[in-house]
Amino acid sequence: GTMLVMKDPTASGIWLERCDDVVVNQITIDYDPLPFTQGRIVAANASKKTFDWKVDTGYAEPTQGYLGLQFGAANAPTGRGLGFGNVFTADGAMKFGACGGSTATFAAMTGLGSGVYRAQIRQALGTLAIGDRFGWPARIVGISGQAVVLTLCNRCRMEAVTLNSSPQLSFMANDCDALTFSNCVIEPPKGTDRLYATNADGIHAKSNRQGPLIEGCHFSRQGDDAASIVQQGMRLLGVSSAGELLVENSQYQLFRPGDRVAVISQTTGLTRGDAVVSEVTLVRYRDRIARKVALDGPIAGAVSVDSLGLAAVPPLP
């Protein structure tokens, strides 16, 4: 029944790294100050793609504290600008069709005084109307904290963990194996009018080997996906005749001896060949660190940065 109230939205609540068989049970996490703000729409101009909204009593203005780090495209620390907000009906339901779905992507925001702000957005206003509610989840990639982080963990369990708010992800699980999320809850505290329980995904699992297993959970009021389970292929930098691959040193693909890997054609999506990893080492490749993946045999027809004669590693599409 313990509640952790995080006083810094740039900090994470619980962080497990290189842990095996850890159980986190019956803990609630909230943030104060809240990592978002909200209000009501008081004016709109469809031709100019603007609407004015007034901050609700008890919520911070976009220029204050942590929110101020994101306010104004010129000083947004990530270069991602102001991000987006969401439009809700007067009773708090997502209002699809209000602009881009329910999402308003900011081009600019200007303070008008007395807690009123004018939002210039990139989409048409659609069905957005005076009296609608508006929320701005100020998630700043690289700065915002996550409520719970698991990285390089095995067989850990989150049991009956409740998250009332999070500056970015509720649960981030990277490079883990066989995690379980059982009877976890993401929702605002009972009796509050909060529009968000988390500014981004509920469970965001990247490069997990098995799982995660998600059972008996209830997630609501996310600023993004309820559960996102993803992986990314690594680009080939070079290939040797001895069956060694030079690949990107990405955060999200940890090769281990015994793993079976496949080389995929980017033009056809077909597998050029596969082999089993025998050894992995870090090496220097031009201006960067790369992984040298030794295989139990060569893969014919593999195409790489070197074989294409590229002067530099191209950016990801």
Side-chain angles (χ1 to χ4, degrees), residues 1-17 24-39 53 55-72 76-78 80 82-86 88 92 94 106 109 115 117 133-151 158-174 181 183-205 217-228:
T2 298
M3 171 173 278
L4 303 179
V5 180
M6 304 304 298
K7 306 299 290 185
D8 180 359
T10 67
S12 295
I14 295 174
W15 190 300
L16 302 181
E17 184 164 346
V24 179
N25 183 265
Q26 296 189 54
I27 286 179
T28 298
I29 295 177
D30 201 357
Y31 279 75
D32 181 14
L34 290 171
F36 67 91
T37 190
Q38 63 186 58
W53 62 285
V55 177
D56 284 345
T57 301
Y59 291 85
E61 297 199 18
T63 55
Q64 294 178 332
Y66 164 79
L67 301 175
L69 295 176
Q70 183 90 342
F71 185 79
T78 61
R80 295 165 66 97
L82 289 162
F84 66 90
N86 296 104
F88 302 80
M94 279 279 188
F106 295 124
M109 192 186 298
Y117 289 80
R133 300 176 72 185
F134 179 73
W136 182 44
R139 52 171 154 147
I140 312 172
V141 176
I143 292 179
S144 301
Q146 333 282 349
V148 177
V149 177
L150 301 100
T151 182
M158 300 291 109
E159 296 180 351
V161 175
T162 297
L163 304 182
N164 291 150
S165 65
S166 176
Q168 198 167 181
L169 305 169
S170 286
F171 296 99
M172 183 174 79
N174 289 340
F181 297 86
N183 297 312
C184 293
V185 174
I186 301 171
E187 66 180 10
K190 304 295 186 185
T192 69
D193 65 347
R194 295 186 195 179
L195 294 176
Y196 295 109
T198 184
N199 284 0
D201 297 351
I203 293 177
H204 184 93
C217 296
H218 174 79
F219 297 166
S220 62
R221 296 292 180 183
Q222 297 91 228
D224 210 330
D225 304 324
S228 179

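Along the sequence shown, residues carry numbers from 1.
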Notebook entry, point to check: For Gly92 and Arg133, which heavy atoms make the closest approach, and how far apart are they?
Noted result: CA-NH1, 3.8 Å
Note to self: Does any part of the side chain of Arg221, heavy atoms only, come nearer than 4.5 Å to the side chain of Leu195, both counted from C-beta?
What the structure shows: yes
Notebook entry, point to check: To the nearest 0.5 Å, how far apart are OH in Tyr66 and OG1 in Thr37?
Noted result: 12.5 Å
Notebook entry, point to check: Would a 4.5 Å heavy-atom cut-off, applied to side chains only, mark Tyr59 and Leu67 as touching?
Noted result: no
Check: Is there a side-chain contact between Tyr196 and Leu34 (heavy atoms, below 4.5 Å)?
Finding: no
Notebook entry, point to check: For the residue pair Phe84 and Phe106, what are the closest heavy atoms and their distance?
Noted result: C-CE1, 3.7 Å
Checklist line | Heavy-atom pair with the smallest gap, counting every atom of Pro9 and Pro33 | finding: CG-O, 3.8 Å
Next item on the list: Hey, could you give me the CG/OH distance between Asp8 and Tyr31, rounded to the nearest 0.5 Å?
Entry: 8.0 Å
Checklist line | Straight-line distance of Gln168 CD to Gln146 CD, nearest 0.5 Å | finding: 4.5 Å
Notebook entry, point to check: Mind checking whether Thr151 and Trp15 have side chains closer than 4.5 Å, heavy atoms only?
Noted result: yes
Checklist line | Pairwise distance CD(Gln38) to CZ(Phe134) - rounded to 0.5 angstrom | finding: 11.0 Å
Item checked: side chain to side chain contact (heavy atoms under 4.5 Å, CB included) between Phe219 and Ser170, intermediate numbers included -> CA-CA 10 Å; Phe219 297 166; Ser170 286; over 6 Å; no
Margin query: Within this structure, what is the CD1-CD distance for the pair Ile203 and Gln222, rounded to the nearest 0.5 Å?
Written below: 9.5 Å
Next item on the list: Please determine which of Asp32, Asp30, Asp56 meets the salt bridge (Lys or Arg N to Asp or Glu O under 4.0 Å) test together with Arg194.
Entry: Asp30
Next item on the list: Would you indicate whether the side-chain heavy atoms of Phe171 and His204 approach each other to under 4.5 Å?
Entry: no
Checklist line | Polar side-chain atom of Arg139 near backbone of Asn199 as donor-acceptor pair, under 3.5 Å | finding: yes
Next item on the list: To the nearest 0.5 Å, tell me how far Met158 CE sits from Leu163 CG.
Entry: 10.0 Å
Item checked: Taking every non-hydrogen atom, the tightest pair across Met3 and Asn164 -> CE-OD1, 3.7 Å
Notebook entry, point to check: If you look at every heavy atom in Glu187 and Ser220, which pair is closest and at what distance?
Noted result: CB-OG, 3.5 Å
Checklist line | Shortest non-hydrogen contact between Ala197 and Pro188, atoms and distance | finding: CB-N, 3.7 Å
Item checked: Side chain proximity check, Val24 to Ile14, heavy atoms < 4.5 angstrom -> yes
